[in-house]
Amino acid sequence: MSNIKDNLGKVEQQIKNACQLTNKSPTSVQLLAVSKTKPASDVALAYQAGQRLFGENYVQEGVDKIAELQALTDIQWHFIGPIQSNKTKLIAEHFDWVQSVDRVKILTRLNEQRPKHLGKLNICLQINISGEASKSGATIEQVPELIEALSSCDNLNFRGFMAIPEKGDATLSFEKMDQLFKHYQALWPTVDTLSMGMSDDMESAIANGSTMVRIGTAIFGARN
Ligand SMILES: *Cc1c(COP(=O)(O)O)cnc(C)c1O
């Protein structure tokens, strides 16, 4: 029947296998289904198959889908795309998590614009771990000032880190991210999330400490 349901089952099995290989509990890695460019009806099919965490990259597209699917109240929506400062209000008002924060200005705006009644907005700092000039993400050197800023943001909840390593050095980058994550996890009680691994590299990411893989293509098929 639905390819999406079958694909989801396969991805869940892949995650389980990768956890087993490295003696991790299968519940220690969460699956974020990345639905960018796909219609709300695809999200609904994944939801019917049991999926609850969804990731979107484009603000307006995400907000439209969230509105269309508002009856599915237990979906957790994650924003994972590059953030322009004039879009922070929409993100703060509609999403549950933001994984792509890489500068203080964005933190400050999200904190000011988060409606109190929605509770705290969960934040992961995106790290440009491969040091690519073209990629978004903060450098490791910028992390202390970002965390300093986060510590005075009452409407934000610091949950951890996200990275999109370059293909060539993914394993080394995953290892570096794991070190960064463990360092801050020991200092911050709310830090529990290391978001890394996509359709092509989820096994390696899990072997190197990922607690959340972000999977698009393997669930919803190729994007146009
Ligand atoms: C598109 C995207 C993904 C999913 O990538 P796939 O290769 O389709 O699994 C994961 N993370 C981010 C930040 C993305 O933009």
Side-chain angles (χ1 to χ4, degrees), residues 3-18 29-40 42-43 45-46 49 51-66 75-84 87-88 91 95-103 106 110 122-132 134-138 159-171 173-174 177-178 180-181 193-224:
N3 265 335
I4 289 174
K5 185 178 177 187
D6 292 349
N7 292 346
L8 205 46
K10 281 181 203 152
V11 168
E12 281 162 358
Q13 192 57 49
Q14 256 179 296
I15 294 172
K16 256 188 213 152
N17 294 345
V29 178
Q30 290 191 290
L31 171 57
L32 181 73
V34 178
S35 44
K36 64 177 176 218
T37 79
K38 302 295 178 181
D42 281 5
V43 174
L45 285 173
Q51 180 63 27
R52 291 294 180 271
L53 276 54
F54 292 89
E56 289 285 334
N57 284 62
Y58 310 104
V59 178
Q60 196 55 54
E61 181 193 327
V63 168
D64 289 347
K65 255 177 253 184
I66 292 169
I75 289 187
Q76 200 181 77
W77 290 102
H78 292 234
F79 189 77
I80 62 173
I83 304 176
Q84 292 167 287
K87 296 286 168 60
T88 51
I91 295 174
F95 285 83
D96 304 299
W97 283 64
V98 187
Q99 297 197 11
S100 42
V101 176
D102 62 1
R103 47 200 202 281
I106 299 298
L110 289 172
N122 295 291
I123 301 289
C124 288
L125 299 175
Q126 181 178 352
I127 308 301
N128 181 358
I129 195 68
S130 308
E132 288 172 280
S134 61
K135 283 265 170 74
S136 39
R159 299 298 293 269
F161 301 94
M162 186 270 261
I164 314 171
E166 204 181 348
K167 292 236 183 307
D169 75 347
T171 303
S173 293
F174 289 149
M177 287 301 301
D178 190 41
L180 180 75
F181 171 60
T193 302
L194 178 55
S195 170
M196 59 185 196
M198 316 201 326
S199 293
D200 289 339
D201 57 10
M202 69 178 112
E203 277 92 358
S204 165
I206 291 171
N208 289 291
S210 171
T211 71
M212 186 184 289
V213 291
R214 307 179 309 270
I215 310 297
T217 311
I219 296 172
F220 297 108
R223 291 176 291 272
N224 294 328

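We count ligands from 1, going down the list as the structure has it; atoms in each ligand are counted the same way.
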Taking atom types as modelled and ignoring hydrogens, do the side chains of E56 and S35 form a donor-acceptor contact shorter than 3.5 angstrom?
yes

Considering the heavy atoms of R214, write down every atom of ligand 1 situated less than 4.0 Å from one of them.
4 (C), 9 (O), 10 (C), 11 (N), 12 (C), 13 (C)

Polar side-chain atom of D102 near backbone of A138 as donor-acceptor pair, under 3.5 Å:
no

Does ligand 1 have a heavy atom under 4.0 Å from the side chain of N57, from its backbone, from both, or from neither?
side chain

D42 side chain reached by I4 side chain, heavy atoms, under 4.5 Å
yes

for atom 9 (O) of ligand 1, nearest protein heavy atom and its distance come out as S199 OG, 2.5 Å

Should the proximity of R223 to ligand 1, defined as any heavy atom under 4.0 Å, be assigned to the side chain, the backbone, both, or neither?
side chain

Relative to the heavy atoms of I215, which atoms of ligand 1 are at a distance of less than 4.0 Å?
9 (O)

May I ask which of K36, M162, M202, M198 has a heavy atom nearer to atom 1 (C) of ligand 1 than the others do?
K36

Could an N or O of ligand 1 be found under 3.5 Å from any N or O of G216, whether backbone or side chain?
yes

Apply side-chain contact (heavy atoms from CB on, under 4.5 Å) to I219 and Q51, showing your working.
CA-CA 11 Å; I219 296 172; Q51 180 63 27; 5.6 Å; no

Using a 3.5 Å distance criterion without hydrogens, assess whether the side chain of T193 forms a donor-acceptor pair with backbone atoms of G160.
no

Which of these, V34, I164, T217, L32, has its nearest heavy atom closest to atom 7 (O) of ligand 1?
T217

Looking at E61 and K65, is any side-chain nitrogen of the basic one under 4.0 Å from a carboxylate oxygen of the acidic one?
yes

